[in-house]
Amino acid sequence: MKAELHTEPRVAFFPDSFVEVNGVAHTSRQLVAYARQHDLPLLCVYGAGLTAEATTGSVRQFALRRGRCGFALDADLRNDLLFWRHAHRVIETVCEFKADLIHITGPNDTGQLGAYVAWRLGLPLVCSWHTNVHDYAGQRLGQQLPGWLPQRWRTGLSHWAEALALLAVLRFYQLGRVQLAPCESLHAMLSQATRRPTYLMQRGVDASLFTPHHRLRHDSVFEIGYVGRLTPEKNLRILAAVEQRLLAAGLTRFRFVIVGAGSERDWLAANLKKATFTGVLRGVTLARAYANFDLFVFPSTTDTFGNVVLEAQASGVPAIVSAHGGPSSIIEPECTGLIADEAEAIAGAIMQLMTNRQQLAQMATAARERAQSFTWEAIFARVYEAYEHCLQLDQAQAAARAESAAERNLKVAAEAALR
């Protein structure tokens with residue numbers, strides 16, 4: 001089926017995650033809000049605890065129930081192996097909506113269903129990269145391997161799983177006619193690996209919610225914050241080694257404030273002497289937590305962008321991030337934050353800013369200014385440019401096929417006349 005083209009592209013959006021607490025869900029909800037605000041027709045199909053439908057203005061939301069036959073991806077996110085049972089109903093809904101294209105955010109149950117619907121209906125597919133699934137595969141396998149295995153075997157098996165997962169994911173993304181990447185390094189990888197037009201789809205931040213004005217603290221304790229899932233791929237155990245180095249240097253007037261939940265929480269609580277755990281925070285409560293940090297530390301090497309780093313910067317908090325992954329693309333080293341990987345380097349960066357409050361204040365101002373340039377409005381305007389390009393490519397390919405078919409028909413007719 002080819003939908004009749006409209007003034008604005010009619011987008012059927014299939015996000016991997018929508019109601020959960022993670023960067024993919026947050027970005028997906030922001031895209032839906034952008035479409036609603038600009039009166040753009042959008043159908044959002046996502047997995048949830050219950051099947052439900054709702055329409056608000058130009059946006060229609062279609063929640064599909066995830067069942068128990070599957071496996072957990074995170075504490076609040078599952079992959080339903082029988083999600084295909086919704087295919088017939090979803091195809092009917094997409095046809096009724098008269099979608100021009102389908103946008104998926106990854107290879108989980110919802111993304112697979114979206115890709116299948118696109119194929120069945122002959123609709124062009126846009127794929128956006130949000131999660132380094134291959135990194136997660138390697139790191140989580142490494143955590144689950146038995147401790148008696150030699151370290152070189154553990155490392156080798158983790159690298160093998162990572163390489164196989166990357167190969168599989170890139171094959172999946174080749175289904176897309178246009179790709180969307182969150183940072184320059186992944187933009188280059190996707191463009192080269194899929195040979196498809198690739199657009200940059202970064203992330204935005206609400207600088208009116210995340211602001212230094214929410215700061216309430218006035219004590220002299222240096223507060224080092226982290227916000228995000230407490231899971232193995234976030235590399236959070238390095239914080240214990242960082243703390244040991246700070247204490248060994250004679251520093252005591254500091255504390256870690258860990259915002260989030262996940263499987264690493266108990267280990268961190270047992271191994272960090274000077275840490276407070278708040279659990280998951282949202283809205284103004286989260287904004288106040290950010291603003292009360294003196295410094296934000298995000299040691300993840302697997303994140304493709306790092307929404308939380310941008311939120312910290314908007315709150316006037318400099319960040320220390322890894323050189324690996326998307327968060328390093330947000331940081332201007334020595335201006336809005338610092339880049340460090342090993343525990344020794346992270347501890348050194350913290351001590352540098354603990355003892356030089358003037359530099360810390362200058363970085364806080366620069367971080368806030370830089371974050372304000374990342375607006376959801378600008379990000380999604382580029383996404384809709386990618387949608388338009390996708391539809392233009394689809395029209396051009398359809399015209400080329402029609403021309404080729406016409407030429408074949410003329411050739412057949414000419415041969416028949418000669419007989």
Side-chain angles (χ1 to χ4, degrees), residues 21-22 72-76 135-152 154-155 157-158 217 219 221-281 286 289-290 292-303 306 308-309 312 317-325 327 337-355:
V21 181
N22 59 56
L73 296 171
D74 267 317
D76 60 349
D135 284 341
Y136 283 28
Q139 291 203 12
R140 292 193 178 186
L141 177 63
Q143 291 279 335
Q144 294 171 4
L145 289 172
W148 51 263
L149 276 178
Q151 183 58 46
R152 62 186 181 87
R154 295 165 62 88
T155 302
L157 286 170
S158 295
R217 282 183 52 241
D219 61 59
V221 177
F222 194 83
E223 194 163 286
I224 306 161
Y226 168 86
V227 176
R229 296 193 310 279
L230 310 185
T231 48
E233 64 274 1
K234 298 297 184 180
N235 193 29
L236 293 173
R237 295 193 178 193
I238 199 172
L239 295 181
V242 170
E243 182 188 63
Q244 290 170 10
R245 284 162 173 77
L246 295 177
L247 293 172
L251 300 170
T252 58
R253 292 194 63 76
F254 71 89
R255 63 171 167 260
F256 288 95
V257 176
I258 312 295
V259 179
S263 60
E264 292 287 86
R265 198 268 184 202
D266 290 344
W267 190 95
L268 291 168
N271 289 275
L272 285 172
K273 297 180 174 63
K274 300 174 74 63
T276 299
F277 296 83
T278 70
V280 176
L281 302 179
L286 174 60
Y290 273 118
N292 283 322
F293 297 155
D294 292 297
L295 184 63
F296 188 73
V297 176
F298 194 68
S300 170
T301 61
T302 60
D303 274 63
V308 292
V309 176
V317 181
I320 298 174
V321 304
S322 169
H324 306 284
L338 298 170
I339 293 178
D341 284 296
E342 303 301 326
E344 188 72 36
I346 296 172
I350 293 172
M351 286 187 279
Q352 173 185 331
L353 296 178
M354 285 180 71
T355 56

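Keep in mind that this is a model prediction, so the values were computed, not measured.
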Next on the checklist: Assess the residue pair Glu243 and Lys274 against the criterion (salt bridge (Lys or Arg N to Asp or Glu O under 4.0 Å)); give the C-alpha distance rounded to whole Å, side-chain angles, the decisive distance to 0.1 Å, and a yes or no.
Outcome noted: CA-CA 8 Å; Glu243 182 188 63; Lys274 300 174 74 63; over 6 Å; no

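- Residues Leu236 and Pro299 meet the side-chain proximity criterion, which asks for heavy atoms closer than 4.5 Å.
- Closest heavy-atom contact between Pro318 and Gly337: CB-CA, 4.4 Å.
- For the atom pair Leu230 CG and Phe277 CZ, the distance stands at 7.5 Å (nearest 0.5 Å).
- Partner of Ile258 under the side chain to side chain contact (heavy atoms under 4.5 Å, CB included) criterion, chosen from Thr276, Val227, Leu239: Leu239.
- Taking CE from Met354 and CG from Leu246, the interatomic distance works out to 6.5 Å, rounded to the nearest 0.5 Å.
- Put simply, the side chain of Arg217 gets close to the backbone of Val221: a donor and an acceptor are under 3.5 Å apart.
- Taking CD from Glu223 and CG from Asn292, the interatomic distance works out to 6.0 Å, rounded to the nearest 0.5 Å.
- No side-chain heavy atom of Phe222 sits less than 4.5 Å from a side-chain heavy atom of Leu251.
- Smallest separation of non-hydrogen atoms from Leu338 and Ala349: CD1-CB, 3.6 Å.
- For the side chain to side chain contact (heavy atoms under 4.5 Å, CB included) with Phe296, the lone residue among Ile320, Val321, Val317 that qualifies is Val317.
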Checklist entry - Do Val259 and Phe293 pass the side chain to side chain contact (heavy atoms under 4.5 Å, CB included) test, and can you show the C-alpha distance, the side-chain angles, and the key distance before you say yes or no? => result CA-CA 11 Å; Val259 179; Phe293 297 155; 4.2 Å; yes

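- Judged purely by distance below 3.5 Å, without hydrogens or angles, the side chains of Ser300 and Asn235 never pair a donor atom with an acceptor atom.
- A salt bridge links Arg255 to Asp219: at least one charged side-chain nitrogen sits closer than 4.0 Å to a carboxylate oxygen.
- Here the two rings, on Phe256 and Tyr226, have centers that are 6.0 Å apart or farther.
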Checklist entry - Could you walk me through whether Leu281 and Tyr290 pass the side chain to side chain contact (heavy atoms under 4.5 Å, CB included) check? => result CA-CA 10 Å; Leu281 302 179; Tyr290 273 118; over 6 Å; no

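- Put simply, CG on Asp294 and CD1 on Ile350 are 11.5 Å apart, with the number rounded to the nearest 0.5 Å.
- Atom CD of Glu342 and atom CD1 of Ile238 lie 6.0 Å apart (nearest 0.5 Å).
- Closest non-hydrogen pair, Leu295 versus Ala319, comes out as CD1-N, 4.5 Å.
- The pair Glu264-Lys234 does not count as a salt bridge, with every side-chain nitrogen at least 4.0 angstrom from each carboxylate oxygen.
- Put simply, the side chain of Asp341 gets close to the backbone of Ala323: a donor and an acceptor are under 3.5 Å apart.
- Inter-residue side-chain proximity for Leu247 and Phe254 is flagged as met; some heavy-atom pair is nearer than 4.5 Å.
- Thr231 contributes no side-chain N or O that, together with a main-chain N or O of Gly262, makes up a donor-acceptor pair within less than 3.5 Å.
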